[in-house]
Amino acid sequence: MPHSSFPMPKNSTHKGMEFFIRKFNKKCQNIAQFPNIGRSYAKFDPRLRGIPLDGYIIFYRVFEDSVVIVRLVSGYHDLESIFADVDDE
């Protein structure tokens, strides 16, 4: 199940957060247009891909007729532990 909240940088200003969200939305538009643009994370899930954004990784799954944003994760996190429960989703 996708997470409903995204981790925002600590001590972010309102304008900084708005800028981050605009960049996030632009990346999502690019993903929708070019689903295979991101790096494959097939070791966690065959359909899982990711694309960087300001020290974070936008993870998404590519399906035949859609793309689903799964998670936004800090690039400094242990991805192995985050996706250990991937079969439960």
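Values below: all heavy atoms of this structure, side chains included; hydrogens, waters and symmetry mates excluded.
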Inset, instruction - For residues Phe44 and Phe59, establish whether the separation of their ring centroids is below 6.0 Å. - result: no

Legend entry - Euclidean distance, Asp45 CG relative to Arg47 CZ, rounded to 0.5 Å: 8.0 Å

Legend entry - Side chain Tyr60, main chain Cys28, donor-acceptor under 3.5 Å: no

Legend entry - CA sep, side-chain torsions, deciding dist, call: Phe24, Asp54, side chain to side chain contact (heavy atoms under 4.5 Å, CB included): CA-CA 9 Å; Phe24 175 82; Asp54 293 349; over 6 Å; no

Legend entry - Leu79 vs Ile57 side-chain heavy atoms within contact, under 4.5 Å: yes

Legend entry - Inter-residue atom distance Arg49.CZ - Arg61.CZ, 0.5 Å rounding: 13.5 Å

Legend entry - Distance (rounded to the nearest 0.5 Å) between Phe20 CZ and Asn25 CG: 10.5 Å

Legend entry - Lys43 side chain vs Glu80 backbone, donor-acceptor pair below 3.5 Å: no

Inset, instruction - Nearest 0.5 Å please: distance from the CZ atom of Phe34 over to the CD1 atom of Ile51. - result: 11.0 Å

Legend entry - Separation between OG of Ser74 and CD1 of Ile82, rounded to the nearest 0.5 Å: 8.0 Å

Legend entry - Lys26 atom NZ: more than 12 heavy-atom contacts under 6.0 Å: no

Legend entry - Point-to-point distance, once rounded to the nearest 0.5 Å, from CD1 of Ile31 to CD1 of Ile58: 5.0 Å

Legend entry - CZ (Phe63) with more than 12 external heavy atoms under 6.0 Å: yes

Legend entry - Joint cluster assignment, Ile37 & Leu53, ILVMFWY side-chain distance < 4.5 Å: yes

